[in-house]
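Every heavy atom of this structure was used, including side-chain atoms; hydrogens, water molecules and symmetry mates were not. Chain letters run A, B, ... following the sequence lines, proteins first, then strands; residues in each count from 1.
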2 protein chains.
Amino acid sequence: MSIALRLHDAIEQDIATGVLAPGMRLDEMMLAGRYQVSRTPVREALRQLAATGMVEIRLRRGAVVATLGPNQLYEMFEVMAELEAMCGRLAARRATATTRSGLLAAHEACRKAIADPDDYYAANETFHQSIYRMAGSVFLMEQSLALQKRLRPYRRLQLRVGTRVSRSCEEHEVIVQAIARGDGAGAAEALRDHVVVQGERFADLVASLSELKVAELNAA
Amino acid sequence: MSIALRLHDAIEQDIATGVLAPGMRLDEMMLAGRYQVSRTPVREALRQLAATGMVEIRLRRGAVVATLGPNQLYEMFEVMAELEAMCGRLAARRATATTRSGLLAAHEACRKAIADPDDYYAANETFHQSIYRMAGSVFLMEQSLALQKRLRPYRRLQLRVGTRVSRSCEEHEVIVQAIARGDGAGAAEALRDHVVVQGERFADLVASLSELKVAELNAA
DNA sequence: ATCAAATGTCTTGTATACAAAGACAAACAG
DNA sequence: CTGTTTGTCTTTGTATACAAGACATTTGAT
(Lines give C-alpha, C1' and ligand atoms only; values in the text may rest on other atoms or scores of the structure.)
Protein backbone atom coordinates (compact mmCIF):
# COMPACT_ATOMS: atom_id res chain seq x y z
CA MET A 1 0.00 0.00 0.00
CA SER A 2 1.44 3.33 -1.04
CA ILE A 3 1.86 6.32 1.24
CA ALA A 4 -0.49 8.35 -0.95
CA LEU A 5 -3.27 5.80 -0.45
CA ARG A 6 -2.79 5.73 3.32
CA LEU A 7 -2.97 9.51 3.32
CA HIS A 8 -6.08 9.46 1.17
CA ASP A 9 -7.86 7.26 3.67
CA ALA A 10 -6.58 9.20 6.66
CA ILE A 11 -7.67 12.57 5.31
CA GLU A 12 -10.97 11.15 4.16
CA GLN A 13 -11.67 9.82 7.61
CA ASP A 14 -10.68 13.12 9.22
CA ILE A 15 -13.16 14.85 6.95
CA ALA A 16 -15.89 12.29 7.67
CA THR A 17 -15.45 12.58 11.43
CA GLY A 18 -15.32 16.35 11.35
CA VAL A 19 -11.68 16.72 12.43
CA LEU A 20 -11.31 18.55 9.14
CA ALA A 21 -14.48 20.60 8.82
CA PRO A 22 -15.95 21.76 5.49
CA GLY A 23 -14.32 24.96 4.31
CA MET A 24 -11.08 24.30 6.18
CA ARG A 25 -7.89 24.95 4.29
CA LEU A 26 -5.71 21.95 3.55
CA ASP A 27 -2.19 23.28 3.54
CA GLU A 28 0.13 20.79 1.88
CA MET A 29 3.03 21.54 4.21
CA MET A 30 0.78 21.30 7.24
CA LEU A 31 -0.55 17.90 6.19
CA ALA A 32 2.95 16.72 5.30
CA GLY A 33 4.09 17.69 8.77
CA ARG A 34 1.07 16.15 10.46
CA TYR A 35 1.54 12.76 8.82
CA GLN A 36 5.35 12.91 8.70
CA VAL A 37 5.72 12.52 4.95
CA SER A 38 6.86 14.67 2.06
CA ARG A 39 4.61 16.97 0.07
CA THR A 40 4.43 14.69 -2.96
CA PRO A 41 2.16 11.94 -1.61
CA VAL A 42 0.08 14.63 0.09
CA ARG A 43 -0.49 16.25 -3.27
CA GLU A 44 -1.47 12.94 -4.84
CA ALA A 45 -3.91 12.21 -2.05
CA LEU A 46 -5.47 15.65 -2.39
CA ARG A 47 -5.89 15.18 -6.14
CA GLN A 48 -7.65 11.90 -5.64
CA LEU A 49 -9.92 13.41 -3.02
CA ALA A 50 -10.62 16.32 -5.35
CA ALA A 51 -11.66 13.88 -8.07
CA THR A 52 -14.22 12.32 -5.74
CA GLY A 53 -15.43 15.76 -4.71
CA MET A 54 -14.37 15.59 -1.07
CA VAL A 55 -11.96 18.51 -1.46
CA GLU A 56 -11.85 21.43 -3.82
CA ILE A 57 -8.65 22.62 -5.49
CA ARG A 58 -8.47 26.10 -6.97
CA LEU A 59 -5.53 26.89 -9.20
CA ARG A 60 -2.71 28.38 -7.17
CA ARG A 61 -5.04 28.94 -4.25
CA GLY A 62 -4.69 25.64 -2.52
CA ALA A 63 -7.13 23.00 -1.41
CA VAL A 64 -10.02 23.25 1.00
CA VAL A 65 -12.46 20.68 2.34
CA ALA A 66 -15.41 20.89 -0.02
CA THR A 67 -18.22 23.05 1.26
CA LEU A 68 -21.71 22.03 0.22
CA GLY A 69 -24.56 24.50 0.31
CA PRO A 70 -28.20 23.53 0.95
CA ASN A 71 -28.90 23.33 -2.78
CA GLN A 72 -26.03 21.01 -3.52
CA LEU A 73 -26.86 18.81 -0.54
CA TYR A 74 -30.47 18.55 -1.58
CA GLU A 75 -29.44 17.56 -5.10
CA MET A 76 -27.05 14.95 -3.81
CA PHE A 77 -29.60 13.39 -1.52
CA GLU A 78 -32.03 13.39 -4.41
CA VAL A 79 -29.61 11.38 -6.54
CA MET A 80 -28.70 9.18 -3.60
CA ALA A 81 -32.38 8.37 -3.13
CA GLU A 82 -32.65 7.33 -6.75
CA LEU A 83 -29.53 5.17 -6.60
CA GLU A 84 -30.75 3.45 -3.47
CA ALA A 85 -34.18 2.97 -4.99
CA MET A 86 -32.47 1.26 -7.92
CA CYS A 87 -30.49 -0.91 -5.52
CA GLY A 88 -33.71 -1.89 -3.79
CA ARG A 89 -35.48 -2.71 -7.03
CA LEU A 90 -32.63 -4.95 -8.17
CA ALA A 91 -32.13 -6.43 -4.70
CA ALA A 92 -35.72 -7.61 -4.58
CA ARG A 93 -35.14 -9.51 -7.80
CA ARG A 94 -31.58 -10.74 -7.39
CA ALA A 95 -31.59 -11.66 -3.71
CA THR A 96 -29.70 -14.80 -2.75
CA ALA A 97 -29.64 -16.76 0.48
CA THR A 98 -26.37 -15.13 1.52
CA THR A 99 -27.34 -11.53 0.82
CA ARG A 100 -30.77 -12.09 2.32
CA SER A 101 -29.36 -13.21 5.64
CA GLY A 102 -26.87 -10.34 5.49
CA LEU A 103 -29.70 -7.85 5.19
CA LEU A 104 -31.63 -9.40 8.06
CA ALA A 105 -28.54 -9.37 10.28
CA ALA A 106 -27.90 -5.70 9.47
CA HIS A 107 -31.52 -4.86 10.20
CA GLU A 108 -31.33 -6.66 13.53
CA ALA A 109 -28.14 -4.77 14.37
CA CYS A 110 -29.96 -1.50 13.71
CA ARG A 111 -32.74 -2.44 16.11
CA LYS A 112 -30.21 -3.26 18.80
CA ALA A 113 -28.43 0.06 18.28
CA ILE A 114 -31.59 2.12 18.47
CA ALA A 115 -30.66 3.66 21.81
CA ASP A 116 -27.34 5.24 20.86
CA PRO A 117 -27.20 7.60 17.85
CA ASP A 118 -23.51 6.86 17.18
CA ASP A 119 -24.04 3.11 17.19
CA TYR A 120 -27.11 3.50 15.04
CA TYR A 121 -25.19 5.66 12.61
CA ALA A 122 -22.71 2.84 12.00
CA ALA A 123 -25.37 0.12 11.90
CA ASN A 124 -27.44 2.18 9.47
CA GLU A 125 -24.53 2.46 7.06
CA THR A 126 -24.03 -1.28 7.17
CA PHE A 127 -27.74 -1.82 6.56
CA HIS A 128 -27.70 0.29 3.42
CA GLN A 129 -24.48 -1.30 2.25
CA SER A 130 -26.02 -4.72 2.53
CA ILE A 131 -28.71 -3.55 0.10
CA TYR A 132 -26.07 -2.24 -2.31
CA ARG A 133 -24.43 -5.64 -2.21
CA MET A 134 -27.74 -7.39 -2.75
CA ALA A 135 -28.32 -5.52 -6.00
CA GLY A 136 -25.65 -7.67 -7.60
CA SER A 137 -24.04 -4.86 -9.53
CA VAL A 138 -20.45 -4.00 -8.63
CA PHE A 139 -20.59 -0.65 -10.38
CA LEU A 140 -23.85 0.38 -8.76
CA MET A 141 -22.44 -0.61 -5.40
CA GLU A 142 -19.32 1.46 -5.97
CA GLN A 143 -21.32 4.50 -6.97
CA SER A 144 -23.60 4.16 -3.98
CA LEU A 145 -20.69 3.72 -1.59
CA ALA A 146 -18.92 6.75 -3.04
CA LEU A 147 -21.93 8.97 -2.56
CA GLN A 148 -22.56 7.54 0.90
CA LYS A 149 -18.99 8.44 1.81
CA ARG A 150 -19.34 11.90 0.41
CA LEU A 151 -22.48 12.64 2.38
CA ARG A 152 -21.09 11.15 5.57
CA PRO A 153 -20.03 14.40 7.28
CA TYR A 154 -23.53 15.78 6.82
CA ARG A 155 -25.56 12.73 7.72
CA ARG A 156 -23.78 12.47 11.07
CA LEU A 157 -25.34 15.63 12.39
CA GLN A 158 -28.79 14.72 11.13
CA LEU A 159 -29.36 11.67 13.28
CA ARG A 160 -29.08 13.68 16.47
CA VAL A 161 -32.40 15.31 15.74
CA GLY A 162 -35.41 14.15 17.75
CA THR A 163 -37.05 10.85 16.88
CA ARG A 164 -35.15 10.38 13.68
CA VAL A 165 -33.60 7.11 14.81
CA SER A 166 -36.75 5.19 15.64
CA ARG A 167 -38.49 6.54 12.54
CA SER A 168 -35.56 5.39 10.43
CA CYS A 169 -35.70 1.91 11.90
CA GLU A 170 -39.41 1.59 11.17
CA GLU A 171 -38.76 2.57 7.57
CA HIS A 172 -36.08 -0.11 7.40
CA GLU A 173 -38.69 -2.64 8.37
CA VAL A 174 -40.87 -1.66 5.41
CA ILE A 175 -37.89 -1.91 3.08
CA VAL A 176 -36.85 -5.32 4.34
CA GLN A 177 -40.35 -6.70 3.91
CA ALA A 178 -40.70 -5.35 0.39
CA ILE A 179 -37.41 -6.95 -0.61
CA ALA A 180 -38.35 -10.18 1.16
CA ARG A 181 -41.53 -10.58 -0.86
CA GLY A 182 -39.70 -9.72 -4.09
CA ASP A 183 -41.60 -6.47 -4.51
CA GLY A 184 -39.07 -4.42 -6.49
CA ALA A 185 -41.30 -1.40 -7.03
CA GLY A 186 -42.28 -1.33 -3.38
CA ALA A 187 -38.68 -1.56 -2.19
CA ALA A 188 -37.67 1.21 -4.58
CA GLU A 189 -40.41 3.52 -3.38
CA ALA A 190 -39.73 2.83 0.28
CA LEU A 191 -36.02 3.48 -0.15
CA ARG A 192 -36.60 6.65 -2.13
CA ASP A 193 -38.82 8.06 0.61
CA HIS A 194 -36.41 6.87 3.27
CA VAL A 195 -33.38 8.61 1.79
CA VAL A 196 -34.74 11.77 0.19
CA VAL A 197 -34.70 14.95 2.22
CA GLN A 198 -38.12 16.46 2.15
CA GLY A 199 -40.33 18.73 4.23
CA GLU A 200 -39.17 19.30 7.78
CA ARG A 201 -36.07 17.19 7.28
CA PHE A 202 -34.75 19.82 4.92
CA ALA A 203 -35.03 22.41 7.66
CA ASP A 204 -33.13 20.09 10.00
CA LEU A 205 -30.43 19.75 7.38
CA VAL A 206 -30.04 23.49 7.00
CA ALA A 207 -29.93 23.85 10.76
CA SER A 208 -27.13 21.31 11.12
CA LEU A 209 -25.37 23.11 8.30
CA SER A 210 -25.23 26.37 10.20
CA GLU A 211 -23.77 24.43 13.12
CA LEU A 212 -20.97 23.35 10.82
CA LYS A 213 -20.54 26.96 9.76
CA VAL A 214 -19.94 27.94 13.35
CA ALA A 215 -17.36 25.19 13.86
CA GLU A 216 -15.66 26.30 10.69
CA LEU A 217 -15.42 29.89 11.84
CA ASN A 218 -14.00 28.81 15.16
CA ALA A 219 -11.32 26.84 13.36
CA ALA A 220 -10.32 29.82 11.21
CA MET B 1 -5.01 26.43 -16.66
CA SER B 2 -2.36 24.11 -15.32
CA ILE B 3 -0.33 21.72 -17.44
CA ALA B 4 -1.77 18.79 -15.54
CA LEU B 5 -5.32 19.81 -16.47
CA ARG B 6 -4.42 20.22 -20.13
CA LEU B 7 -2.84 16.78 -20.05
CA HIS B 8 -5.89 15.35 -18.33
CA ASP B 9 -8.11 16.59 -21.14
CA ALA B 10 -5.69 15.57 -23.85
CA ILE B 11 -5.31 12.01 -22.57
CA GLU B 12 -9.02 11.74 -21.94
CA GLN B 13 -9.76 12.74 -25.49
CA ASP B 14 -7.16 10.32 -26.84
CA ILE B 15 -8.88 7.57 -24.89
CA ALA B 16 -12.34 8.64 -26.07
CA THR B 17 -11.29 8.72 -29.71
CA GLY B 18 -9.48 5.42 -29.51
CA VAL B 19 -5.97 6.76 -30.04
CA LEU B 20 -5.28 5.18 -26.69
CA ALA B 21 -7.21 1.91 -26.74
CA PRO B 22 -8.44 0.10 -23.62
CA GLY B 23 -5.71 -2.06 -22.13
CA MET B 24 -2.90 0.05 -23.54
CA ARG B 25 -0.04 0.84 -21.20
CA LEU B 26 0.42 4.48 -20.24
CA ASP B 27 4.12 4.87 -19.65
CA GLU B 28 4.80 8.10 -17.78
CA MET B 29 8.02 8.80 -19.66
CA MET B 30 6.35 8.08 -22.97
CA LEU B 31 3.50 10.48 -22.27
CA ALA B 32 5.92 13.09 -20.92
CA GLY B 33 7.83 12.84 -24.17
CA ARG B 34 4.75 12.90 -26.32
CA TYR B 35 3.38 16.09 -24.76
CA GLN B 36 6.77 17.68 -24.09
CA VAL B 37 6.38 18.05 -20.34
CA SER B 38 7.94 16.61 -17.23
CA ARG B 39 6.78 13.45 -15.50
CA THR B 40 5.14 15.27 -12.60
CA PRO B 41 2.11 16.75 -14.37
CA VAL B 42 1.74 13.47 -16.27
CA ARG B 43 1.49 11.65 -12.96
CA GLU B 44 -1.10 14.08 -11.66
CA ALA B 45 -3.18 13.76 -14.79
CA LEU B 46 -3.03 9.97 -14.57
CA ARG B 47 -4.14 10.07 -10.91
CA GLN B 48 -7.12 12.22 -11.75
CA LEU B 49 -8.07 9.95 -14.61
CA ALA B 50 -7.69 6.96 -12.31
CA ALA B 51 -10.07 8.58 -9.85
CA THR B 52 -12.72 8.89 -12.55
CA GLY B 53 -12.10 5.32 -13.63
CA MET B 54 -10.73 6.08 -17.09
CA VAL B 55 -7.35 4.54 -16.29
CA GLU B 56 -6.25 1.90 -13.85
CA ILE B 57 -3.12 2.21 -11.72
CA ARG B 58 -1.62 -0.87 -10.15
CA LEU B 59 1.00 -0.37 -7.46
CA ARG B 60 4.48 -0.35 -8.99
CA ARG B 61 3.10 -1.77 -12.21
CA GLY B 62 2.16 1.40 -13.99
CA ALA B 63 -1.03 2.70 -15.53
CA VAL B 64 -3.16 1.27 -18.31
CA VAL B 65 -6.28 2.51 -20.05
CA ALA B 66 -9.14 0.92 -18.12
CA THR B 67 -10.47 -2.23 -19.72
CA LEU B 68 -14.15 -2.93 -19.20
CA GLY B 69 -15.53 -6.40 -19.58
CA PRO B 70 -19.07 -7.17 -20.78
CA ASN B 71 -20.31 -7.45 -17.21
CA GLN B 72 -18.96 -4.10 -16.15
CA LEU B 73 -20.25 -2.41 -19.27
CA TYR B 74 -23.70 -3.86 -18.78
CA GLU B 75 -23.75 -2.64 -15.19
CA MET B 76 -22.64 0.82 -16.21
CA PHE B 77 -25.27 1.13 -18.91
CA GLU B 78 -27.83 -0.08 -16.40
CA VAL B 79 -26.92 2.73 -14.01
CA MET B 80 -26.69 5.21 -16.87
CA ALA B 81 -30.21 4.28 -17.89
CA GLU B 82 -31.46 4.95 -14.39
CA LEU B 83 -29.68 8.30 -14.17
CA GLU B 84 -31.07 9.39 -17.50
CA ALA B 85 -34.52 8.20 -16.52
CA MET B 86 -34.26 10.38 -13.44
CA CYS B 87 -33.14 13.31 -15.59
CA GLY B 88 -36.15 12.78 -17.82
CA ARG B 89 -38.57 12.59 -14.90
CA LEU B 90 -37.26 15.84 -13.44
CA ALA B 91 -36.98 17.50 -16.84
CA ALA B 92 -40.66 16.93 -17.54
CA ARG B 93 -41.48 18.76 -14.34
CA ARG B 94 -38.85 21.49 -14.23
CA ALA B 95 -38.72 22.43 -17.91
CA THR B 96 -38.32 26.11 -18.70
CA ALA B 97 -38.70 27.99 -21.97
CA THR B 98 -34.93 28.07 -22.44
CA THR B 99 -34.24 24.41 -21.76
CA ARG B 100 -37.30 23.40 -23.78
CA SER B 101 -36.07 25.16 -26.89
CA GLY B 102 -32.60 23.74 -26.27
CA LEU B 103 -34.01 20.23 -26.31
CA LEU B 104 -35.98 20.82 -29.48
CA ALA B 105 -32.94 22.29 -31.21
CA ALA B 106 -30.82 19.28 -30.20
CA HIS B 107 -33.50 16.90 -31.43
CA GLU B 108 -33.65 18.72 -34.74
CA ALA B 109 -29.86 18.53 -35.05
CA CYS B 110 -30.08 14.76 -34.55
CA ARG B 111 -32.60 14.43 -37.38
CA LYS B 112 -30.34 16.40 -39.68
CA ALA B 113 -27.34 14.24 -38.79
CA ILE B 114 -29.16 10.98 -39.37
CA ALA B 115 -27.15 10.15 -42.48
CA ASP B 116 -23.66 10.20 -40.99
CA PRO B 117 -22.90 8.07 -37.90
CA ASP B 118 -20.11 10.38 -36.73
CA ASP B 119 -22.27 13.49 -36.94
CA TYR B 120 -25.10 11.65 -35.26
CA TYR B 121 -22.80 10.51 -32.50
CA ALA B 122 -22.00 14.14 -31.62
CA ALA B 123 -25.59 15.34 -32.02
CA ASN B 124 -26.83 12.49 -29.86
CA GLU B 125 -24.49 13.47 -27.02
CA THR B 126 -25.75 17.04 -27.20
CA PHE B 127 -29.34 15.80 -27.16
CA HIS B 128 -28.81 13.83 -23.99
CA GLN B 129 -26.88 16.66 -22.39
CA SER B 130 -29.77 19.01 -23.02
CA ILE B 131 -31.94 16.66 -20.98
CA TYR B 132 -29.39 16.61 -18.16
CA ARG B 133 -29.49 20.39 -18.13
CA MET B 134 -33.27 20.42 -18.15
CA ALA B 135 -33.41 18.37 -14.96
CA GLY B 136 -32.28 21.45 -13.06
CA SER B 137 -29.85 19.61 -10.82
CA VAL B 138 -26.19 20.51 -11.16
CA PHE B 139 -25.04 17.42 -9.32
CA LEU B 140 -27.20 15.07 -11.36
CA MET B 141 -25.91 16.71 -14.52
CA GLU B 142 -22.30 16.28 -13.42
CA GLN B 143 -22.84 12.62 -12.60
CA SER B 144 -24.53 11.98 -15.92
CA LEU B 145 -21.84 13.79 -17.85
CA ALA B 146 -19.11 11.86 -16.05
CA LEU B 147 -20.69 8.52 -16.90
CA GLN B 148 -21.37 9.62 -20.45
CA LYS B 149 -17.69 10.48 -20.81
CA ARG B 150 -16.63 7.20 -19.36
CA LEU B 151 -18.78 5.17 -21.73
CA ARG B 152 -17.76 7.24 -24.73
CA PRO B 153 -15.11 4.88 -26.17
CA TYR B 154 -17.64 2.05 -26.17
CA ARG B 155 -20.67 3.88 -27.47
CA ARG B 156 -18.72 5.03 -30.51
CA LEU B 157 -18.48 1.54 -31.93
CA GLN B 158 -22.09 0.77 -31.20
CA LEU B 159 -23.63 3.30 -33.53
CA ARG B 160 -22.01 1.74 -36.57
CA VAL B 161 -24.27 -1.26 -36.25
CA GLY B 162 -27.15 -1.53 -38.71
CA THR B 163 -30.20 0.65 -38.27
CA ARG B 164 -29.23 1.83 -34.83
CA VAL B 165 -29.19 5.49 -35.86
CA SER B 166 -32.70 5.78 -37.22
CA ARG B 167 -34.07 3.67 -34.35
CA SER B 168 -32.34 5.97 -31.91
CA CYS B 169 -33.85 9.05 -33.50
CA GLU B 170 -37.36 7.63 -33.33
CA GLU B 171 -36.88 6.91 -29.65
CA HIS B 172 -35.76 10.51 -29.17
CA GLU B 173 -39.08 11.62 -30.61
CA VAL B 174 -40.97 9.64 -27.98
CA ILE B 175 -38.81 11.13 -25.23
CA VAL B 176 -39.26 14.69 -26.45
CA GLN B 177 -43.03 14.32 -26.59
CA ALA B 178 -43.25 12.83 -23.12
CA ILE B 179 -41.23 15.71 -21.70
CA ALA B 180 -43.26 18.23 -23.70
CA ARG B 181 -46.55 17.05 -22.18
CA GLY B 182 -45.04 17.00 -18.70
CA ASP B 183 -45.26 13.22 -18.43
CA GLY B 184 -42.39 12.49 -16.04
CA ALA B 185 -43.07 8.78 -15.72
CA GLY B 186 -43.35 8.39 -19.49
CA ALA B 187 -40.12 10.27 -20.13
CA ALA B 188 -38.33 8.20 -17.51
CA GLU B 189 -39.51 4.93 -19.02
CA ALA B 190 -38.68 5.98 -22.57
CA LEU B 191 -35.19 7.08 -21.57
CA ARG B 192 -34.55 3.92 -19.59
CA ASP B 193 -35.45 1.77 -22.55
CA HIS B 194 -33.46 4.00 -24.86
CA VAL B 195 -30.24 3.77 -22.91
CA VAL B 196 -30.24 0.29 -21.41
CA VAL B 197 -28.46 -2.46 -23.28
CA GLN B 198 -30.81 -5.36 -23.66
CA GLY B 199 -31.42 -8.30 -25.95
CA GLU B 200 -29.64 -8.16 -29.28
CA ARG B 201 -27.93 -4.89 -28.40
CA PHE B 202 -25.92 -6.72 -25.78
CA ALA B 203 -24.60 -9.06 -28.44
CA ASP B 204 -23.63 -6.05 -30.55
CA LEU B 205 -21.79 -4.61 -27.61
CA VAL B 206 -19.81 -7.77 -27.02
CA ALA B 207 -19.01 -7.93 -30.73
CA SER B 208 -17.66 -4.40 -30.76
CA LEU B 209 -15.71 -5.28 -27.66
CA SER B 210 -13.85 -8.06 -29.40
CA GLU B 211 -13.01 -5.58 -32.16
CA LEU B 212 -11.36 -3.46 -29.52
CA LYS B 213 -9.50 -6.52 -28.31
CA VAL B 214 -8.02 -7.01 -31.74
CA ALA B 215 -6.93 -3.36 -31.99
CA GLU B 216 -5.36 -3.68 -28.58
CA LEU B 217 -3.36 -6.74 -29.56
CA ASN B 218 -2.13 -5.01 -32.68
CA ALA B 219 -0.95 -2.09 -30.60
CA ALA B 220 0.99 -4.30 -28.19
C1' DA C 1 18.92 -29.64 -22.02
C1' DT C 2 16.18 -27.66 -18.63
C1' DC C 3 15.22 -25.27 -14.52
C1' DA C 4 16.35 -22.15 -11.03
C1' DA C 5 18.69 -18.38 -9.16
C1' DA C 6 20.94 -14.11 -9.51
C1' DT C 7 21.92 -9.92 -11.59
C1' DG C 8 20.91 -6.03 -14.35
C1' DT C 9 17.82 -2.87 -16.33
C1' DC C 10 13.52 -0.51 -16.50
C1' DT C 11 9.77 1.78 -14.25
C1' DT C 12 7.44 3.57 -10.64
C1' DG C 13 7.25 5.83 -5.90
C1' DT C 14 9.13 9.46 -2.92
C1' DA C 15 11.76 13.49 -1.77
C1' DT C 16 13.80 17.88 -2.48
C1' DA C 17 14.91 21.97 -4.98
C1' DC C 18 13.43 25.82 -7.84
C1' DA C 19 10.26 29.03 -10.09
C1' DA C 20 6.06 31.55 -10.61
C1' DA C 21 1.83 33.46 -9.06
C1' DG C 22 -1.26 35.43 -5.55
C1' DA C 23 -2.23 37.61 -1.30
C1' DC C 24 -1.29 40.76 2.20
C1' DA C 25 0.82 44.66 4.10
C1' DA C 26 3.17 48.86 4.18
C1' DA C 27 4.40 53.11 2.27
C1' DC C 28 3.73 56.97 -0.57
C1' DA C 29 0.99 60.20 -3.10
C1' DG C 30 -3.19 62.75 -3.90
C1' DC D 1 -7.10 60.25 5.57
C1' DT D 2 -7.84 57.17 1.92
C1' DG D 3 -6.64 54.82 -2.19
C1' DT D 4 -3.32 52.84 -5.07
C1' DT D 5 0.90 50.76 -5.97
C1' DT D 6 4.80 48.15 -5.00
C1' DG D 7 7.39 44.85 -2.53
C1' DT D 8 7.78 40.85 0.17
C1' DC D 9 6.19 36.56 1.74
C1' DT D 10 3.64 32.48 1.51
C1' DT D 11 2.06 28.73 -1.19
C1' DT D 12 1.36 26.15 -5.10
C1' DG D 13 3.08 24.21 -9.63
C1' DT D 14 6.94 21.99 -12.08
C1' DA D 15 11.27 19.68 -12.62
C1' DT D 16 14.93 16.71 -11.36
C1' DA D 17 17.32 13.52 -8.49
C1' DC D 18 17.28 9.32 -5.77
C1' DA D 19 15.61 4.82 -4.09
C1' DA D 20 13.20 0.58 -4.32
C1' DG D 21 10.64 -3.01 -6.45
C1' DA D 22 9.43 -5.96 -10.49
C1' DC D 23 10.47 -8.32 -14.58
C1' DA D 24 13.41 -10.33 -17.93
C1' DT D 25 17.51 -12.36 -19.36
C1' DT D 26 21.49 -14.91 -18.75
C1' DT D 27 24.36 -18.12 -16.59
C1' DG D 28 25.40 -22.03 -13.88
C1' DA D 29 24.25 -26.37 -11.93
C1' DT D 30 21.89 -30.68 -11.99
Can you work out whether A/R61 or B/R25 has the more 5'-proximal nearest nucleotide on DNA chain C? B/R25
Return the value, rounded to whole Å, for the distance between atom OH of B/Y35 and atom C1' of D/dT14. 18 Å
Measuring only between side-chain heavy atoms, which start at C-beta, is B/R58 closer than 4.5 Å to B/V64? yes
Record whether the side chain of B/R39 comes under 3.5 Å of the base of C/dG13 through a donor-acceptor pair of N or O atoms. yes
Please give, in whole Å, the distance from D/dA19 P to A/I3 CD1? 15 Å
When the distance from CD of A/Q48 to P of C/dG13 is rounded to whole Å, what number comes out? 11 Å
Between B/R47 and C/dT12, does any side-chain N or O lie under 4.0 Å from OP1 or OP2? no
Comparing A/P41 with B/L26, nearest DNA chain C nucleotide closer to 5' gives the residue B/L26
Between atom CD in B/E44 and atom P in D/dG13, what is the gap in whole Å? 7 Å
Expressed in angstrom and rounded to an integer, what is the separation of B/R43 atom CZ from D/dA15 atom P? 14 Å
On the nucleotide D/dA20, are OP1 or OP2 found under 4.0 Å from the side-chain N or O atoms that B/R60 carries? no
Side-chain N or O of B/R58 less than 4.0 angstrom from OP1 or OP2 on D/dC23? no
Rounded to the nearest Å, what distance is computed from the CD atom of residue B/E28 to the P atom of nucleotide D/dG21? 17 Å
Base, sugar-phosphate or nothing for A/T40? Non-hydrogen atoms, less than 4.0 Å. base
Donor-acceptor side-chain pairing of A/S168 and A/Y120 below 3.5 angstrom: yes
Assess, by modelled atom type and distance only, whether the side chains of B/Q48 and A/Q48 contain a donor and an acceptor separated by less than 3.5 Å. no
Measuring from the side chain of A/S2 (C-beta onward, heavy atoms only), which nucleotide among C/dT12, C/dT14, D/dT14 has the closest atom? C/dT14
Report the distance from atom CE of B/M29 to atom P of D/dT16, rounded to the nearest whole Å. 11 Å
Find the distance B/L7:CG to D/dG13:P and express it as a whole number of Å. 14 Å
Closer than 4.0 angstrom, basic N to acidic O: yes or no for B/E28 and B/R43? yes
Is a side-chain donor or acceptor of B/T99 paired with a backbone partner of B/A95 at a separation under 3.5 angstrom? no
